[in-house]
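Reading through the structure tokens given below for one structure.
Atoms considered below: every heavy atom in the structure, side chains included; atoms not considered: hydrogens, waters and symmetry mates. Treat the numbers as computed from the prediction; the structure is a model and nothing was measured.
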Amino acid sequence: MPELPEVETVKRELAKKVTGCTIAHTKIYLVKTIQKPDPESFVKCIQNSRINSVKRRGKYLLFYLSNHLCLAAHLKMTGHFSVCGQGSALHKHTRVVFSLDNGCDLRFVDTRTFGVMYLLCQKEMDQFKPLACLGPEPLSDAFTAQYLFETGHQRTLPIKAFLLNQSFACGLGNIYVDESLFRAGILPDRRTNTLSKDEWAALTLTIKEVLQEGIQHRGTSIQSYTSTDGRPGGYQDRLLVYGKDQRPCVRCGTPIQKQKTAGRGTHFCPTCQR
DNA sequence: AGTCAAACCTGGGCGC
DNA sequence: TGCGCCCAGGTTTGAC
């Protein structure tokens with residue numbers, strides 16, 4: 001399940017592998033992956049465009065192209081990109097293939113078919129709602145304890161729901177939210193209006209810490225995620241609560257509990273988190 | 001303003 | 001071995 005560290009890892013690898021390449025042709029295997037424009041226009045517009053850069057915003061991968069276009073891709077739960085030789089066998093769940101002028105394919109493979117792509121004009125990206133409504137990047141200077149406090153302290157939703165809402169903090173998903181809350185010692189269903197300034201400060205730090213460590217270890221590989229060359233990430237070995245239902249807490253030994261909060265499987269230590 | 005459920009999907013894990 | 005069932009999850013949408 002790609003969250004910010006996984007998407008960032010993919011972005012860095014793709015930037016090395018496809019920057020400067022030209023898209024010679026595109027084949028769409030699953031039409032619904034292409035959300036905008038219609039598939040014919042998508043293929044036509046993208047043909048012969050050069051990939052100038054690869055960036056990330058929240059969980060979106062952004063391919064900036066030579067003709068003032070931008071290809072925005074969201075991996076959702078099981079989407080991933082791979083770069084491979086054009087002769088190599090197609091994976092069963094291949095959804096879109098971009099054939100590049102260097103003899104390689106950029107392939108989008110997505111088992112559960114939730115992943116989506118949009119082709120946008122670079123100048124209309126500010127008005128494109130899914131990108132426009134994203135909150136600040138958690139690893140940016142704009143993401144401060146003061147920002148979180150001001151955004152959260154008058155609301156009454158569970159802190160977990162708050163952090164999963166991409167318009168407050170973009171890029172966080174289920175795994176890194178559980179890990180950040182554990183490290184900050186805050187229960188996932190605490191209402192945002194009950195957090196003290198110190199707790200907002202602690203949470204700000206643990207979010208940045210957890211995401212940075214996630215990136216350092218090239219993301220978390222659970223179920224399906226691998227980076228562009230099929231190598232798994234390594235952060236799953238460092239998780240403290242996510243997926244640890246009934247296992248002893250690393251700090252106090254209390255069994256980690258699992259409950260549903262904000263509609264998500266949520267892991268926490270009932271002793272260390274208050 | 002917030003909650004909840006449904007929708008979109010497939011594969012893995014479970015019990016039988 | 002194989003069947004049926006449930007669950008996982010990011011995001012949007014709509015009902016309440």
Worksheet entry | Ring-ring centroid check A:W200 A:F143, cutoff 6.0 Å | no
Worksheet item: Should the pair A:H91 and A:H80 be assigned to parallel (<30°), tilted (30 to 60°) or perpendicular (>60°) ring geometry?
Response: perpendicular
Fill in: Minimum-distance nucleotide (side-chain atoms of A:M77 versus B:dG2, C:dG9, C:dT12)
C:dG9
Discussion item. Rounded to whole Å, please give me the gap between CZ in A:R95 and P in B:dC8.
Written reply: 16 Å
Item to complete: Send over the distance from A:L164 CG to C:dT11 P, rounded to a whole Å.
Response: 9 Å
Item to complete: Find the distance A:L163:CG to B:dG2:C1' and express it as a whole number of Å.
Response: 16 Å
Practice prompt. Considering just the side-chain nitrogens and oxygens of A:R112, establish if one lies under 4.0 Å of OP1 or OP2 belonging to C:dA8.
Written response: no
Worksheet item: Hey, is the side chain of A:R155 poking within less than 4.0 Å of OP1 or OP2 on B:dG2, counting only N and O atoms?
Response: yes
Worksheet item: Would one find a side-chain N or O of A:T156 under 4.0 angstrom from OP1 or OP2 of B:dG2?
Response: yes
Discussion item. Of the options B:dT3, B:dT10, C:dG10, whose atoms approach the side-chain atoms of A:T111 most closely?
Written reply: B:dT10
Worksheet item: How many Å lie between CZ on A:F108 and P on B:dC9, as a whole number?
Response: 14 Å
Worksheet item: Taking only side-chain nitrogens and oxygens of A:K76, does any of them come within less than 4.0 Å of OP1 or OP2 of B:dC9?
Response: no
Item to complete: With heavy atoms under 4.0 Å as the rule, sort A:K129 into base, sugar-phosphate or nothing.
Response: nothing
Discussion item. Rounding to an integer number of Å, can you tell me how far A:K32 NZ sits from C:dG10 C1'?
Written reply: 12 Å
Worksheet item: Can you check side chain to side chain contact (heavy atoms under 4.5 Å, CB included) on A:T19 and A:N52, steps first, answer last?
Response: CA-CA 6 Å; A:T19 302; A:N52 282 337; over 6 Å; no
Response to the item:
A:F168 CZ to B:dA1 P, in whole Å, measures 9 Å
Discussion item. Does a side-chain N or O of A:K59 approach OP1 or OP2 of C:dT11 to a distance below 4.0 Å, or not?
Written reply: yes
Worksheet item: Which class fits the ring pair A:F108 and A:F81: parallel under 30°, tilted 30 to 60°, perpendicular over 60°?
Response: tilted
Worksheet item: Can you check whether A:F114 stacks with the C:dT11 base, using ring centres under 5.5 Å and planes within 30°?
Response: no
Item to complete: Please check the phosphate of B:dG11 (OP1 and OP2 only) for any side-chain N or O of A:H93 closer than 4.0 Å.
Response: yes
Practice prompt. Give one of base, sugar-phosphate or nothing for A:K258, where a contact means two heavy atoms less than 4.0 Å apart.
Written response: sugar-phosphate
Practice prompt. Measure the distance from NZ on A:K36 to P on C:dT12 and round it to the nearest whole Å.
Written response: 15 Å
Fill in: A:Y118 ring center within less than 6.0 Å of A:F128 ring center
yes
Item to complete: Verify side chain to side chain contact (heavy atoms under 4.5 Å, CB included) between A:V96 and A:K27, making sure each step is shown before the conclusion.
Response: CA-CA 6 Å; A:V96 184; A:K27 186 157 166 66; over 6 Å; no
Item to complete: Report yes if a side-chain nitrogen or oxygen of A:H74 is closer than 4.0 Å to either non-bridging phosphate oxygen (OP1 or OP2) of C:dG10; otherwise report no.
Response: no
Worksheet entry | Side-chain N,O (A:R191) to OP1/OP2 (B:dT3) below 4.0 Å | yes
Practice prompt. Examine C:dG9: is either OP1 or OP2 under 4.0 Å from a nitrogen or oxygen in the side chain of A:Y242? Give yes or no.
Written response: yes
Item to complete: Provide, to the nearest angstrom, the distance between the CD atom belonging to A:Q166 and the C1' atom belonging to C:dT11.
Response: 9 Å
Worksheet item: Counting any heavy atom closer than 4.0 Å, what does A:G263 reach on the DNA or RNA strands: base, sugar-phosphate only, or nothing?
Response: nothing
Practice prompt. Would you tell me if any nitrogen or oxygen in the side chain of A:K260 comes within less than 4.0 Å of OP1 or OP2 on B:dC4?
Written response: no
